[in-house]
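Following: one structure in structure tokens, then a few remarks.
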Amino acid sequence: MSWLPMYNAWVVMVGVLSLFLWQLWGVLVFFVIALVSLWFLAKESLYTIKHFATGFWMFIASEVVAFGTLFVLCLNSEEELVVPLSNFIELPLLGCFLLTGSSITLTTYHHYLGTANCHYYLLGTIVLGWCFILLQVCEFYDCCCDITFCFYQGVCFATVGLHFTHVLGGLIVMMVLYVCGDKGVPQSNIDFVVWYWHFVDYVWLFVFLIIYIS
């Protein structure tokens, strides 16, 4: 029996109480212990044989619906003279190169899986992914507006933030795979990780086109 359900319930309790009481130190603790939870959850999921891929594709379909809804809201709520989150030719464009490069390195890792040097390509993917995360943090820090500026800006922040969490989750899974090794990991699970990361990359291209350029 896994200890994660009890631990995750405690993590959620800490987060909810900290938000309601507005204890920022508690929110920080919540993020730290949530990362620990994600780490072990990713480890358990990677090394467990999954008999059906239907659940994974249902998850991807639900993510398409979620992002699609946010994209439609972004297109229908755009206002005149609204301040963009960032100049598309600067940090967002660099983010496109980082995520596209990470797709190339992860595909190369997937192609050479089982060879002696394949883990170097996985490490390159992780490095590029963390560079994207740092880029997003810098963008949020330098942004001249916030989520309460207007409805349109709120939807844009929600879309970019949701994508940010997906990138972070994918990085945690790949870090577990790199640290623990791919020995004993079912081939289907590695396929799911690769497909998920490609999905995250494709979503960013739509984010770039709809939020930063349109």
Side-chain angles (χ1 to χ4, degrees), residues 4 8 11 30-50 53-68 70-71 91-92 94-113 118-140 157-182 184-209 211:
L4 273 175
N8 291 337
V11 170
F30 164 75
F31 279 112
V32 173
I33 58 182
L35 287 176
V36 175
S37 176
L38 287 172
W39 175 276
F40 284 100
L41 180 63
K43 188 175 180 180
E44 284 195 7
S45 301
L46 271 177
Y47 288 85
T48 302
I49 297 178
K50 297 178 178 63
T54 308
F56 173 79
W57 292 115
M58 289 180 65
F59 165 72
I60 293 296
S62 67
E63 295 298 297
V64 170
V65 172
F67 279 106
L70 290 172
F71 289 149
L91 296 181
L94 180 57
C96 289
F97 283 104
L98 290 174
L99 282 186
T100 304
S102 69
S103 273
I104 295 173
T105 54
L106 190 61
T107 300
T108 308
Y109 162 77
H110 195 210
H111 180 75
Y112 290 105
L113 186 65
C118 67
H119 61 281
Y120 291 119
Y121 298 106
L122 181 60
L123 178 61
T125 305
I126 295 172
V127 170
L128 290 172
W130 278 111
C131 288
F132 178 82
I133 290 290
L134 293 176
L135 196 73
Q136 289 266 271
V137 171
C138 292
E139 180 186 355
F140 290 151
F157 269 105
T159 307
V160 176
L162 182 61
H163 179 267
F164 179 91
T165 58
H166 282 67
V167 173
L168 189 60
L171 283 173
I172 291 174
V173 174
M174 288 190 293
M175 288 170 62
V176 172
L177 185 60
Y178 180 80
V179 173
C180 300
D182 51 24
V185 180
Q187 177 67 38
S188 59
N189 291 2
I190 297 179
D191 294 341
F192 294 153
V193 173
V194 174
W195 295 339
Y196 171 82
W197 190 253
H198 288 321
F199 168 75
V200 170
D201 293 346
Y202 296 148
V203 168
W204 173 253
L205 296 179
F206 282 101
V207 171
F208 180 73
L209 291 173
I211 293 180

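Values below: every heavy atom of this structure, side chains too, minus hydrogens, waters and symmetry copies. This chain uses plain numbering: 1 for the first residue, then up along the sequence.
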Hey, could you give me the [atom1]/[atom2] distance between [X] and [Y], rounded to the nearest 0.5 Å?
| X | Y | atom1 | atom2 | result |
| --- | --- | --- | --- | --- |
| I211 | F71 | CD1 | CZ | 6.0 Å |
| W197 | T107 | CH2 | OG1 | 12.0 Å |
| L177 | H119 | CG | NE2 | 12.0 Å |
| E139 | L134 | CD | CG | 13.0 Å |
| F97 | L128 | CZ | CG | 13.0 Å |
| L171 | I133 | CG | CD1 | 5.5 Å |

Worksheet entry | Donor-acceptor contact present, side-chain S62 to main-chain F59, <3.5 Å | yes

Worksheet item: Hey, does the side chain of S102 reach the backbone of G129 with a donor-acceptor pair shorter than 3.5 angstrom?
Response: no

Discussion item. side-chain contact (heavy atoms from CB on, under 4.5 Å), that's the test. Do V167 and W130 meet it? Break it down for me.
Written reply: CA-CA 9 Å; V167 173; W130 278 111; over 6 Å; no

Practice prompt. May I ask you to check whether H163 and F132 place their ring centers less than 6.0 Å from one another?
Written response: yes

Item to complete: Taking all heavy atoms of L205 and all of C96, pick out the closest pair and write down the distance.
Response: CD2-SG, 4.4 Å

Worksheet entry | Closest non-hydrogen atom pair, T165 against L162 | OG1-O, 2.6 Å

Worksheet item: Would you call F206 and V203 a side-chain contact if the rule is heavy atoms closer than 4.5 Å?
Response: no

Discussion item. Does the plane of the ring in F208 sit parallel, tilted or perpendicular to the ring in W204? Use 30° and 60° as the thresholds.
Written reply: tilted

Discussion item. Check the orientation of F199 and F67. Use parallel for under 30°, tilted for 30 to 60°, and perpendicular for over 60°.
Written reply: perpendicular

Worksheet entry | side-chain contact (heavy atoms from CB on, under 4.5 Å) evaluation trace for M174 with L106 | CA-CA 10 Å; M174 288 190 293; L106 190 61; 4.0 Å; yes

Worksheet item: Would one find more than 12 heavy atoms of other residues, nucleotides or ligands at under 6.0 Å from atom OH of Y121?
Response: no

Item to complete: List the steps and the verdict of side-chain contact (heavy atoms from CB on, under 4.5 Å) for T125 and Y109.
Response: CA-CA 9 Å; T125 305; Y109 162 77; 5.5 Å; no

Discussion item. Evaluate Y120 against T105 for side-chain contact (heavy atoms from CB on, under 4.5 Å), listing each step before the verdict.
Written reply: CA-CA 9 Å; Y120 291 119; T105 54; over 6 Å; no

